[in-house]
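Heads up: the structure comes next, in structure tokens.
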There are 2 protein chains.
Amino acid sequence: MPGTARVDARRNHDLLLAAAREAFAEHGTDASLRDIARQAGVGIGTLYRHFPTREALLEALLRSRFDALRDRADELSQAPAPGEALLTWLSELAAGSVTYRGLPESVMTALRDDRSQLHASCAAMRAAGGRLLDRAQAAGEVRGDVTAAQLLALAAGLAWAGEQSADPVAMIRQLLSIAMQGLATR
Amino acid sequence: MPGTARVDARRNHDLLLAAAREAFAEHGTDASLRDIARQAGVGIGTLYRHFPTREALLEALLRSRFDALRDRADELSQAPAPGEALLTWLSELAAGSVTYRGLPESVMTALRDDRSQLHASCAAMRAAGGRLLDRAQAAGEVRGDVTAAQLLALAAGLAWAGEQSADPVAMIRQLLSIAMQGLATR
DNA sequence: GAAAATACGGAGCGGTGCTCCGCTCTGTCA
DNA sequence: TGACAGAGCGGAGCACCGCTCCGTATTTTC
């Protein structure tokens, strides 16, 4: 998309992205889209033309991060200890969830709705996590009765619980510790 | 409050409660209050006079249930197996969370804000769960580094994850199974 | 039946997401 | 360089939201 559009369009695109990043960071993923347009110095119509849905805006902000998480999973699937690798990946996944309040909900919604602009990158990330899970299960280090969807739901649930707490990072770490012990075989 | 008010007031109170129960069940805890008033055949002002906040409405609908859960915890604290008792209680807690979508969030919000009308009953329930937890920890059946607040956050997080899934009941059961194994000592 | 107390209802305010369309500005081509 | 097609812009407008405020209606009391 860069280069192919008019220069004013490209400029507004970038201004909107910057404003959205700030607004989501401050007010969570349900920040006012009007405020974002205002902050970008742009009309509300312009925002909707560049990003027809809120998911499209989130996708533009998060795609690279989700892709990185997917690559990270593939990288970790070469690690010697499959169980440890899964723990590492889950930790990084959960850690990233604190950037925008409401992000776990957005991810779960995107996974449920394949028309969502966020769907593709989330699904790719889940698939990569699933491969990590499969390997840990094959190695006998993780309970066999757990699916990738459940794993993602678990991570999202813990991240959500963190959001609700006074110290999200500490809460997530503790809940993750419990969850990992719960995932281990017997 | 029953008997002490005007008969029309008492009637509208009950109509509102019935409409709210239905609306929350259908649309979750963030159902439109205007719709609830409309459904009750009452003005929006009347709704706000009877229930000044959404939490007040929820409290009226849930107080008895929370009280029952508190009593249940006290009853279970006499059970022979403290760990099993905790599992039973958590299961019942999580099971109740599926009645209204968004309920886990309401509970966590209420616990965080002691001015909320829901706060008292939620806090009492958490305290009762905490006693159950203490006993399980004293018996050496549950990890010592877990607090009542974390336990509630965990339960709410799993319930929230269930809400996001296609089959909430099955998802909650599975996540709870993982969580319980994670809570057990080593 | 009159007076006092209480409750009612909805217009109205500022906010939201989202659409639609007249106008502006940019890139292109003669 | 100047004109023109069309891509891009912006905000008025719609329907909804939570919430307040106050003139009116109803119930209770005397």
Side-chain angles (χ1 to χ4, degrees), chain A residues 1-20 23-24 26-61 100-102 105-106 109-110 113 115-118, chain B residues 1-20 23-24 26-61 100-102 105-106 109-110 113 115-118:
Chain A
M1 320 38 172
T4 175
R6 274 166 51 163
V7 300
D8 55 345
R10 171 133 172 68
R11 201 182 61 96
N12 285 336
H13 176 97
D14 295 349
L15 285 171
L16 281 166
L17 235 41
F24 287 157
E26 183 157 9
H27 301 109
T29 58
D30 56 352
S32 161
L33 296 183
R34 245 190 190 79
D35 279 352
I36 292 176
R38 196 152 26 217
Q39 181 65 29
V42 140
I44 184 68
T46 298
L47 182 148
Y48 275 99
R49 189 164 344 89
H50 282 281
F51 305 99
T53 68
R54 172 176 249 106
E55 286 75 35
L57 210 36
L58 271 173
E59 201 273 344
L61 287 175
Y100 305 140
R101 186 162 31 83
E105 173 149 23
S106 299
T109 302
D113 174 20
R115 293 164 314 176
S116 161
Q117 279 92 341
L118 252 180
Chain B
M1 308 30 182
T4 174
R6 271 167 52 160
V7 301
D8 55 347
R10 171 133 172 67
R11 200 182 61 97
N12 285 336
H13 176 98
D14 295 348
L15 285 171
L16 281 167
L17 235 42
F24 287 157
E26 182 157 9
H27 301 110
T29 59
D30 55 353
S32 161
L33 296 182
R34 245 190 190 82
D35 279 352
I36 291 177
R38 196 151 28 213
Q39 182 65 28
V42 141
I44 184 66
T46 298
L47 182 148
Y48 276 98
R49 191 167 338 92
H50 282 281
F51 305 100
T53 68
R54 173 175 247 103
E55 286 74 37
L57 210 36
L58 272 173
E59 202 273 342
L61 288 175
Y100 305 140
R101 186 161 30 85
E105 173 150 23
S106 299
T109 302
D113 174 19
R115 294 164 313 178
S116 161
Q117 279 94 339
L118 253 182

Expressed as a whole number of angstroms, how long is the span from [X]:[atom1] to [N]:[atom2]?
X	N	atom1	atom2	value
B:D8	C:dA5	CG	P	17 Å
B:I36	C:dG10	CD1	C1'	18 Å
B:D14	C:dA7	CG	C1'	15 Å
A:R38	C:dG17	CZ	C1'	13 Å
A:E55	C:dG17	CD	P	12 Å
A:H13	D:dC9	NE2	P	11 Å
B:Y48	C:dC13	OH	P	17 Å
B:R11	D:dT27	CZ	P	9 Å

Report the distance from atom CD1 of A:I36 to atom CZ of A:F24, rounding to the nearest 0.5 Å.
4.0 Å
Nearest 0.5 Å, please: how far is CG in B:L15 from CG in B:L47?
11.5 Å
Identify, between B:V7 and B:A31, the residue whose nearest nucleotide on DNA chain D lies closer to the 5' end.
B:A31
Per nearest nucleotide of DNA chain D, the residue lying toward the 5' end, A:N12 or B:P52, is A:N12
Do B:Y100 and B:L61 touch side chain to side chain, with heavy atoms closer than 4.5 Å?
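In contact.
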I want to verify a distance call: between [options], whose nearest atom is closest to the [X] side chain?
X	options	answer
B:R6	C:dA11, C:dT6, D:dC17	C:dT6
B:R49	C:dA7, C:dG17, D:dT20	C:dA7
B:D35	D:dC17, D:dG18, D:dT28	D:dC17
A:R34	C:dA7, D:dG11, C:dG17	C:dG17
B:I44	D:dG8, C:dC18, C:dG10	C:dG10

Looking only at side-chain N and O atoms, does B:S32 come under 4.0 Å of OP1 or OP2 in D:dG18?
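True: B:S32 side-chain N/O within range (under 4.0 Å) of D:dG18 OP1/OP2.
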When you check the side-chain N and O atoms of A:E105 and A:T29, is any donor under 3.5 Å from an acceptor?
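Their side chains do not contain a donor-acceptor pair, so the 3.5 Å distance test is not met.
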Quick one: label [X] by what it contacts on the DNA or RNA (base, sugar-phosphate, nothing), any heavy atom closer than 4.0 Å.
X	answer
A:T46	base
A:L33	sugar-phosphate
B:H50	sugar-phosphate

Identify the two heavy atoms, one from B:R6 and one from B:D8, that lie closest to each other, and give their separation to 0.1 Å.
NH2-OD2, 2.9 Å
